[in-house]
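Numbering of ligands and ligand atoms starts at 1, following listing order.
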Amino acid sequence: MNKTKSIYILGIESSCDDTSAAVICNGKILSNVVANQEIHTKYGGVVPELASRAHQQNIVPVIQQAIQQANIDKKDLHAIAFTRGPGLMGSLLVGTSFAKSLSLALDIPLIAVNHMQGHVLAHFIDDEDQQKPPFPFLCLTISGGHTQFVKITNYFDMEVLGETLDDAVGEAYDKSAKILGLPYPGGPLVDKYARLGNPKAFKFTKPKMDGLNFSFSGLKTGILYFIQKNVKENPNFIEENLNDICASIQHTIVEILFDKLKKAVKETGIKHVAIAGGVSANSEIRKVLKATESKYGWTTYIPKFQYTTDNAGMIAIVGYLKYLENNFSEEKTTATARLKVSEK
Ligand code: KG4
Ligand code: ZN
């Protein structure tokens, strides 16, 4: 009998403020452990120095837990995949150094992964609750550091069609939340309060941007001035209107994203549309994208929640796809803070 061999890959993610490790077997996730760093909450954003220290503390227990939950021994692993970039250098170095040491100790190959490709290729994790998109497809990658349209022609053939020229959409969420006095990361909280509010209660100006590029810094300033003006007149303005403010901010952001998404589909003629990245966890974005199926005849691909925000499952799937192509990295591979989605 020709039985398929089980290939076990360990994925390690440490690009920003989440330390994560996952074990994947032939494309199926066996474990995906994420340690969030609470330390940044009180600073209103990620403090790079504190992030790398927390990665140092978390990395060993997180990897041990991932291997244990997968019910394997580390000797069963066939390769180690790790995030090479983009991200915070001090954070990336922790995962990179650990991955290199483990690959040397176990004498198995090392696979460097581009974090942005990880967000996109998380759609190829073998999971009955997720449908895999066919090539070519469009992906709107929306996270704390990026907002971009990517045309994916093959696993490692990606082209950026447009992106933000200033803040990422996750930053727009987090900075708006900070103005409202909400803790970091504020995106999920704005989403939560927005569900209870009136999206048309307040109006914010949308930016005018050519082509498929985005801009979110003007919106942030507009929200700041709006809040300052209203709090001056009524010191309780935020608490009395929190749900409506969040709903109105979210409505504006979703309109900005979907105005461009419609344009991207029209220009490329590609109607297979995916979303990826932390902000793709947003309830309204997921709902509006799903509605385009009956409204415009698109086929949409929405990742499972656990594969939206930073996690090592998405790094492990890229590791597996590269393993199948014998696409391994040398021990001298280095971490890099800047890396385009089209780069290896
Ligand atoms: O992909 P990710 O974990 O990290 C980066 O690679 O940047 O994305 C984190 C971002 C944060 O800005 C966070 O506020 C946002 O994703 N986010 C959300 C939601 N969940 C996470 N934004 C809006 N609505 C959500 N439900
Ligand atoms: Zn990310």
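Residue contacts with ligand 1 include Pro188, since one of its heavy atoms falls under 4.0 Å from the ligand. Taking a 4.0 Å cut-off on heavy atoms, His115 registers as neighbouring ligand 1. Ligand 1 has at least one atom lying under 4.0 Å from a heavy atom of His119.
By the 4.0 Å N-to-carboxylate-O rule, Lys263 lies too far from Asp259 to be salt-bridged with it.
Looking at atom 22 (N) of ligand 1, its nearest protein heavy atom turns out to be Gly187 CA, 3.5 Å. The closest protein non-hydrogen atom to atom 26 (N) of ligand 1 is Asp191 OD2, 2.9 Å. In this structure, the protein non-hydrogen atom closest to atom 7 (O) of ligand 1 is Gly144 N, 2.8 Å. The nearest protein atom to atom 15 (C) of ligand 1, hydrogens excluded, is given as Val279 CG2, 3.8 Å; this is a heavy-atom distance.
The side chain to side chain contact (heavy atoms under 4.5 Å, CB included) test applied to Ile39 returns Gln37, Tyr43, Leu50, not counting sequence neighbours. Applying the ring pair (Phe, Tyr, Trp, His ring centres under 6.0 Å) criterion to Phe258, with sequence neighbours excluded, gives no partner residue.
Within the 4.5 Å cutoff, the side chain of Ser342 has no heavy atoms near those of the Gln117 side chain.
Considering backbone and side-chain atoms alike, Tyr173 places every N or O at 3.5 Å or more from each N or O of ligand 1. Residue contacts with ligand 1: Gly145 is placed with a nitrogen or oxygen under 3.5 Å of a nitrogen or oxygen of the ligand (distance criterion only). Any N or O atom pair closer than 3.5 Å counts here, and Thr309 shares no such pair with ligand 1. Of the N or O atoms in Asp174, one or more lie within a sub-3.5 Å distance of an N or O in ligand 1. Polar contact check, Gly278 against ligand 1: a nitrogen or oxygen pair lies under 3.5 Å apart.
Taking the six-membered ring for Trp and thresholds of 30 and 60 degrees, Phe214 and Phe216 have nearly parallel ring planes, at less than 30 degrees apart. Ring geometry, Phe135 versus Tyr155: the interplanar angle exceeds 60°, so the pair is classed perpendicular (tilted spans 30 to 60°).
Within a 6.0 Å sphere centred on CD of Glu267, other residues, nucleotides and ligands contribute more than 12 heavy atoms.
Nearest to atom 2 (P) of ligand 1 by heavy atom, out of Asp310, Leu189, Asn282, is Asp310.
Residue Gly170 has at least one heavy-atom neighbour below 4.0 Å for each of these atoms of ligand 1: 12 (O). In summary, the atoms of ligand 1 found under 4.0 Å from a heavy atom of Pro185, numbered by their order in the structure, are 14 (O). Remark: ligand 1 atoms within the under-4.0 Å shell around heavy atoms of Ala281 are 20 (N), 26 (N).
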- Message: Would Asp126 and Lys132 count as a salt bridge (charged side-chain N to carboxylate O under 4.0 Å, His left out) here? Give the steps.
- Response: CA-CA 8 Å; Asp126 221 338; Lys132 293 176 188 152; 3.3 Å; yes
- Message: Run Glu284 and Lys287 through salt bridge (charged side-chain N to carboxylate O under 4.0 Å, His left out) and show every step you take.
- Response: CA-CA 5 Å; Glu284 186 66 15; Lys287 197 170 88 191; 3.5 Å; yes
- Message: Assess the residue pair Lys304 and Asp127 against the criterion (salt bridge (charged side-chain N to carboxylate O under 4.0 Å, His left out)); give the C-alpha distance rounded to whole Å, side-chain angles, the decisive distance to 0.1 Å, and a yes or no.
- Response: CA-CA 9 Å; Lys304 266 177 96 172; Asp127 191 308; 2.9 Å; yes
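Taking the centre of each ring, Phe124 and Tyr320 stay at or above the 6.0 Å mark.
For the pairing with Val265, the side chain to side chain contact (heavy atoms under 4.5 Å, CB included) check across Ile270, Leu138, Thr292 returns one residue only, Leu138.
Counting only protein atoms, the N, O or S atoms lying less than 2.8 Å from the Zn ion (ligand 2) are His115 NE2, His119 NE2, Asp310 OD1, ordered by chain and residue number.
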Sequence neighbours excluded and cut-off under 3.5 Å, please list the side-chain donor-acceptor pairs for residues 220-227, or say none.
from: Lys220; atom 1: NZ; to: Asp167; atom 2: OD2; distance (Å): 3.2
from: Thr221; atom 1: OG1; to: Ser217; atom 2: O; distance (Å): 3.0

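Residues Val34 and Val94 are members of separate hydrophobic clusters, defined by side-chain heavy-atom contacts under 4.5 angstrom among Ile, Leu, Val, Met, Phe, Trp and Tyr.
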